[in-house]
*Asks:* 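Mind having a look at this structure? Questions to follow.
A note on names: the letters A, B, ... follow the listed sequences, proteins ahead of strands, and every chain is numbered from 1.
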2 protein chains.
Amino acid sequence: MKHRPTIRDVARKAGLSLSTVSLVINNRGHVSPGTRESVQKVVRELSYHPTRSARGLASKTSGNIGFILSEEHFSQAEPFYTRIFLGTEFEAREHNYYILLTTVGNQFDPEVYVPRFLLERNVDGIIIAGKVNEKLISHIDSLGLPIVLVDFEIKRAHHSAVLIDNWRGATLAVEHLLALGHKKIAFVGGDIRHPSITDRYEAYHNTLHMAGVFLEESYEVTDEEETSVEGGTSAAERLFASGAKPTAIFAANDAMAIGCIRHLKSRGLRIPEDVAIVGFDDIEISSHIEPHITTIRVLKEEMGKIAVQRVVDSINAKTKIVVTTHVPVELIVRESTVALAHVED
Amino acid sequence: MKHRPTIRDVARKAGLSLSTVSLVINNRGHVSPGTRESVQKVVRELSYHPTRSARGLASKTSGNIGFILSEEHFSQAEPFYTRIFLGTEFEAREHNYYILLTTVGNQFDPEVYVPRFLLERNVDGIIIAGKVNEKLISHIDSLGLPIVLVDFEIKRAHHSAVLIDNWRGATLAVEHLLALGHKKIAFVGGDIRHPSITDRYEAYHNTLHMAGVFLEESYEVTDEEETSVEGGTSAAERLFASGAKPTAIFAANDAMAIGCIRHLKSRGLRIPEDVAIVGFDDIEISSHIEPHITTIRVLKEEMGKIAVQRVVDSINAKTKIVVTTHVPVELIVRESTVALAHVED
DNA sequence: GCTGGATATCGAAACGTTTTTATGTTAGAT
DNA sequence: ATCTAACATAAAAACGTTTCGATATCCAGC
């Protein structure tokens, strides 16, 4: 197995010093066009390519971006964050970076466990998807690594973030139902402390009030733990148990919407004739379930791409820049919503 | 920003040489229990952790495993390979590796493009998912890197592979239909040159023959290009156009099964009453589509995990070991199949 | 013609490990 | 006691880059 050429071989063959070759390869410094040419020629002839670890050692860069996801989100293979992750993979390649994925538990203690790529100084920047312990974030901050948050934000600390336009999405959803003649519009949410869910809830509230619609508290289920299908089922159950008689439901996300549909079907209610439903996220199965769910589309791959662009910008920038991006959303009308047949008051 | 400790700091504080500290850290060589202890104590006190790139440079290892996927499979975000990929991510963490993902086009020419992690010597082993150009494989071989193929195999060259038990899966599917009384069972496939699809087709054929069922050629659509939903639709169209009157269809995978369902519905045929359908793969939406699809479950994450185990084994082994694993499959009966009501002969 | 600032190239140090070779020490066999 | 083998530690080389400071050349401005 013959050794692959090193920068030394290139320098020798080109009759130049290591430093000059390095400058050419990195497109840096003052190198005359002539020597540049000849170096490039030799590089091509030897088909030389610098070794990542040597480069990393000397330049203190890794060429990697860390992607941190909470354990629950990863192991349940949630389609939402998976899509964001794939978006980062895609964009990272464009910028000559690789993505290193890791998961973290809910409680973070730097004494106990720190993502390995941080210990090994094996990333140049970090993307954090979804809600994680804030101690983890400040720990990474203290390492001086650029951070970009995706679908999560922290009011106090200033970090770049890529966010869903939750307020607008929820407004679109509720306005859609109002336009169809619905007034008794229930809200079904879980994990209400999550900034995204809070926003959706508040926008729901606001939109109804703006339209002059005021409902009893029983129309809002906000104390569910998880924004999962199961959470949706149990929330819907309690919604009806509380005596509410909604003609439409706005669910905090598609998973919960599916849970609602399940429960409604089990009650013998027809969707959308008896109860209309709008979800949020537009996960893949939403368009396959019966009935196809009307929802708010979120460009998940796009969010991942933007996150990578931000983190790469930060890596290259001298000064710390903070950019918050709200990714636009879109109402996708499918089968789960329909105009209210007759108003019963 | 205070410098993080190096192995030198540890050695100094412990009053030992670099080499001894290194031996302790890597759990190698003869180090007395006493010194081992004291080194570990200092490591803890300084919270020292070796730097990946330095380690990589010295030991010529990267701590990474490359995952290669064809461009089409990645960009269409095919849920099948995505799941395998997530499985590798999961297992890699257990073995202290990271996965580096890259995609390759259909035609491979080492003169034109080589995955960057190969050029940079940034992986210790390679996992290849799905069908790729064989020139790529032999190129990697010539680099001396361990290779594990997933859902693909090459007859000539001997490589470790993790395969679906396609033969058994297809047999289960067809036997299930036979047991329900079906005889006119059509096969709908695409990309017939892919080893997995070929196997499914041949097992279909074989199972029918064993049962004494012989059908005209029009019952087999094997010349479709893609194993996609669209491919399924167009294949189903041609199936009926050819005059075949199947009471059941065995589709080469779930995507095609969905395409078939779409076409059958557009023809006004009821599933499963008029035509029963069995798919293959058990992708997520199969259990959400109406009707829920009877299919062959493939443990996709498991395949990714096994692939990582194999490649890690190969990395650690001195000699080249070749292991072929057939991952078991399972028949999942859902709504798209039902007993044949009345036999019309 | 001298000075000073670009421009172009080089030499050497530095990056933080692992690995190889050497050296000393100890215990068991003779 | 002596020799040998195993064990324990050390010293130094090697890994392949980048980067910093030095040196040399060139040209414009006075």
Side-chain angles (χ1 to χ4, degrees), chain A residues 1-40 42-43 46-63 96 116-122 124 315, chain B residues 1-40 42-43 46-63 96 116-117 119-122 124 315-316:
Chain A
M1 194 176 305
K2 61 176 175 304
H3 270 235
R4 293 211 249 171
T6 73
I7 195 172
R8 194 157 268 114
D9 299 320
V10 176
R12 187 162 26 229
K13 184 156 179 191
L16 291 164
S17 72
L18 296 189
S19 6
T20 305
V21 175
S22 175
L23 290 176
V24 171
I25 289 170
N26 293 289
N27 239 337
R28 207 196 313 264
H30 308 273
V31 181
S32 71
T35 44
R36 179 178 306 276
E37 279 277 310
S38 65
V39 168
Q40 287 166 337
V42 175
V43 165
L46 298 180
S47 67
Y48 163 78
H49 204 282
T51 302
R52 181 66 254 183
S53 43
R55 178 177 272 201
L57 181 57
S59 68
K60 297 174 168 311
T61 69
S62 67
N96 279 355
R116 190 162 54 88
F117 55 50
L118 294 177
L119 296 171
E120 293 181 332
R121 297 165 194 60
N122 203 10
D124 303 334
I315 291 169
Chain B
M1 194 175 311
K2 61 179 175 305
H3 269 235
R4 292 211 247 170
T6 72
I7 196 174
R8 194 158 267 114
D9 299 319
V10 176
R12 186 159 29 223
K13 185 158 179 189
L16 291 163
S17 72
L18 298 189
S19 8
T20 306
V21 175
S22 176
L23 290 176
V24 171
I25 290 170
N26 294 290
N27 241 336
R28 208 195 313 261
H30 308 272
V31 182
S32 71
T35 44
R36 179 178 304 275
E37 279 276 312
S38 65
V39 167
Q40 286 165 338
V42 175
V43 165
L46 298 180
S47 68
Y48 163 78
H49 204 280
T51 302
R52 183 63 254 183
S53 42
R55 177 176 274 201
L57 180 57
S59 68
K60 297 174 170 311
T61 70
S62 66
N96 280 354
R116 191 161 53 85
F117 54 50
L119 295 172
E120 293 180 333
R121 299 164 194 59
N122 202 11
D124 303 333
I315 291 170
N316 296 329

*Asks:* For A/L18 and D/dC20, give me the distance from atom CG to atom P, rounded to whole Å.
*Replies:*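 Result: 16 Å.
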*Asks:* Select base, sugar-phosphate, or nothing to describe what B/I25 touches, counting heavy atoms under 4.0 Å on all strands.
*Replies:*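 Nothing, no nucleic acid heavy atom in range.
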*Asks:* Looking at every non-hydrogen atom in both residues, tell me the closest pair between A/D9 and A/R12 and how far apart they are.
*Replies:*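 Scanning both residues completely, I find the closest heavy atoms to be OD1-NH2, 3.0 Å.
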*Asks:* With the side chain of B/Y48 defined as its heavy atoms from C-beta on, choose the nearest nucleotide among C/dT17, D/dT17, C/dT9.
*Replies:* C/dT17
*Asks:* Contact class for A/R28 vs. all strands (heavy atom < 4.0 Å): base, sugar-phosphate, or nothing?
*Replies:*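 Sugar-phosphate contact only.
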*Asks:* Look at the side chain of B/A58 and decide which nucleotide, out of D/dT17, C/dG16, D/dA10, has an atom nearest to it.
*Replies:*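 Looking only at heavy atoms from C-beta outward on B/A58, the closest nucleotide is C/dG16.
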*Asks:* Do the side-chain N and O atoms of B/R36 and B/T20 include a donor-acceptor pair separated by under 3.5 angstrom?
*Replies:* no
*Asks:* Rounded to whole angstroms, how far apart are CZ on B/R12 and P on C/dG16?
*Replies:* 12 Å
*Asks:* What does B/S59 touch in the nucleic acid at a heavy-atom separation under 4.0 angstrom: a base, only the sugar-phosphate, or nothing?
*Replies:*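 The residue B/S59 makes sugar-phosphate contact but no base contact.
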*Asks:* Any idea which heavy atoms bring A/I315 and A/D124 closest together, and the distance?
*Replies:*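 Where A/I315 meets A/D124 most closely, the heavy atoms are CG1-O, 3.4 Å.
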*Asks:* Round to a whole Å and report the spacing from CG of B/N26 to C1' of C/dT17.
*Replies:*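 Value for this atom pair: 9 Å.
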*Asks:* Under 4.0 Å, counting only non-hydrogen atoms across every strand here, what does A/S22 touch: a base, just sugar-phosphate, or nothing?
*Replies:* base
*Asks:* Of the non-hydrogen atoms in A/A11 and A/V21, which two are nearest, and what is the gap between them?
*Replies:*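 Answer, listing the atom of A/A11 first, then A/V21: CA-CG2, 3.7 Å.
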*Asks:* Can you find a side chain N or O atom of B/T20 that sits less than 4.0 Å from OP1 or OP2 on D/dT9?
*Replies:*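 Answer no for this pair, as no side-chain N or O of B/T20 is under 4.0 Å from OP1 or OP2.
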*Asks:* Calculate the interatomic distance between A/R8 atom CZ and C/dA13 atom P; express it in whole Å.
*Replies:*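 In whole Å, C/dA13 P and A/R8 CZ are 13 Å from each other.
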*Asks:* Find the distance B/L119:CG to D/dT17:C1' and express it as a whole number of Å.
*Replies:* 16 Å
*Asks:* Starting at CG of B/L46 and ending at P of C/dG16, how long is that distance when rounded to a whole Å?
*Replies:* 15 Å
*Asks:* Calculate the interatomic distance between B/L57 atom CG and D/dT18 atom P; express it in whole Å.
*Replies:* 12 Å
*Asks:* If each of B/R121 and B/L23 is mapped to the nucleotide of DNA chain D with the nearest heavy atom, which maps nearer the 5' terminus, i.e. the 5' end?
*Replies:* B/L23
*Asks:* On DNA chain C, nearest-nucleotide positions of A/G29 versus A/K60: which is more 5'?
*Replies:* A/G29
*Asks:* Spell out yes or no: do the side chain of A/S19 and the base of C/dG11 have one donor N/O and one acceptor N/O closer than 3.5 Å?
*Replies:*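 Per atom types, the contact qualifies.
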*Asks:* Can you find a donor-acceptor N/O pair under 3.5 angstrom joining the side chain of A/T35 to the base of C/dA8?
*Replies:* no
*Asks:* Considering every strand and a 4.0 Å limit on heavy-atom distances, what is the contact class for B/G34: base, sugar-phosphate, or nothing?
*Replies:*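 Touches nothing.
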*Asks:* From the list D/dT17, D/dC15, C/dT9, which nucleotide is the closest neighbour of the side chain of A/S32?
*Replies:* C/dT9
*Asks:* Nearest to the side chain of A/H30, which nucleotide is it out of C/dA8, D/dT19, C/dT17?
*Replies:*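 The answer is C/dA8, which lies nearest to the side chain.
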*Asks:* Tell me if a side-chain donor or acceptor on A/S22 pairs with a main-chain N or O of A/L18 at a distance below 3.5 Å.
*Replies:* no
